[in-house]
Amino acid sequence: VSQSASRSSVILQAFLSKKAVPQALLFQGAEGSGKRAAARLFAKRILCSGPASSDSTEGALQACGACLSCRKIKNRNHPDFSMLAPLEAGKAIKIDQVRQIQQQIFFKPIDGPKKILLIDPADKMNVAAANSLLKLLEEPPAHAILILISAQADSLLPTLLSRCQKIVFQALSLVQVTSAVMAQNHCQKAEARLIAATAQGQLEAALALKLEDAKTMDQDRHRLISSGELFQAALEFSRDSDLFQQALFYLRAWLRDALVCKAFPLSEGPDPEHLIFSWRRTALQAWADKRDFEDIQTLLTALQAVHFAQSRNINRQLSLEVLLLKIHQSRRCTMT
Ligand SMILES: [Zn+2]
């Protein structure tokens, strides 16, 4: 999809064509960089018994999609493909889970020559689990391929890192995610952009998001900017860290678009191509007209401060309230 995505897929394709796939791989990159999708695609291709599709942008990485193996992966019942993940979202991967999967992986594959294990996110293994996995990485059975996936590879044990072949994924831009959505959904660019922006530019989330759901979510988030009930909005969007992240992303994208509006003469207005929220062009322009360039920059700085502070245990609701208040009070006073 992107320069870097194609760089990583070139490396992966080289492994496939040389039939020399390393037994331990680490797919690392920020959330939304496509590493998870690439790992699944790669695993699917390795296990696929059909011909490589030639008309795909991912080239030889694309599995046939029709063979028995591909269908089993799709139905999540492939005996030679397993996932190791936290039992509860956000919790650690425990040593018992690693031990259990370790026993299974020593059995010969059932359908083909290889057996693949995805560990996602690998940085969620606690120290005991990671040390247990290390034993497997030191002497994996010949048929096993282990793919570790992580957005925080720095926090993995150095001994684990040194045993893995690293494949680095760079975050995709909104434009790239929009193109990927267009290619998958066969939809209009404006619709694809709405989906990509609502998914905060994260590839997997964007590809899974339906247009109708994206529209609803967008309406809901737009209340952060538009409504008078800012305390209610602050309360709702600070309920958990995901919602809070969504609020910050929305506000940042809005302020960024407002700066773009300020950079264009009033008569012309901004080219919708330059806006994240191109479908709100009129509202954006009106909003930006009421504020100075410097005011919007000040708001962006305030938003950045909230963003940094969230890693410490700040009161989400209070900080969001203060930020929304600043945004609502930023209207230029025209009476001199
Ligand atoms: Zn296949």
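This one's a predicted model, so the numbers in the text were calculated from it and none came from an experiment. Start at 1 and go down the list; that is how both ligands and their atoms are numbered.
In this structure, Phe277 has its ring center under 6.0 Å from that of Tyr250.
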Quiz item: Would Arg36 and Asp120 count as a salt bridge (Lys or Arg N to Asp or Glu O under 4.0 Å) if you check the C-alpha gap in whole Å, the side-chain angles of each, and the deciding distance to 0.1 Å?
Solution: CA-CA 8 Å; Arg36 194 161 285 127; Asp120 182 22; 2.6 Å; yes
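Shown here are the protein N/O/S atoms lying under 2.8 Å from the Zn ion (ligand 1), water excluded: Cys48 SG, Cys64 SG, Cys67 SG, Cys70 SG.
The side-chain hydrogen bond (donor to acceptor under 3.5 Å, both in side chains) check on Asn131 picks up nothing, with sequence neighbours excluded.
Residue pairs meeting the side-chain hydrogen bond (donor to acceptor under 3.5 Å, both in side chains) criterion with at least one member in residues 199-215: none, sequence neighbours excluded.
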Would you give me the side-chain donor-acceptor pairs under 3.5 Å for residues 240-247, sequence neighbours excluded?
| unit_1 | atom_1 | unit_2 | atom_2 | d |
| --- | --- | --- | --- | --- |
| Asp240 | OD1 | Asp242 | N | 2.9 |
| Asp240 | OD1 | Leu243 | N | 2.9 |
| Gln245 | NE2 | Gln310 | OE1 | 2.9 |
| Gln246 | OE1 | Arg221 | NH2 | 3.4 |

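The cationic group of Arg281 does not satisfy the cation-pi geometry with Trp279, failing either the under 6.0 Å distance to the six-membered ring centre or the 45° limit from the ring axis.
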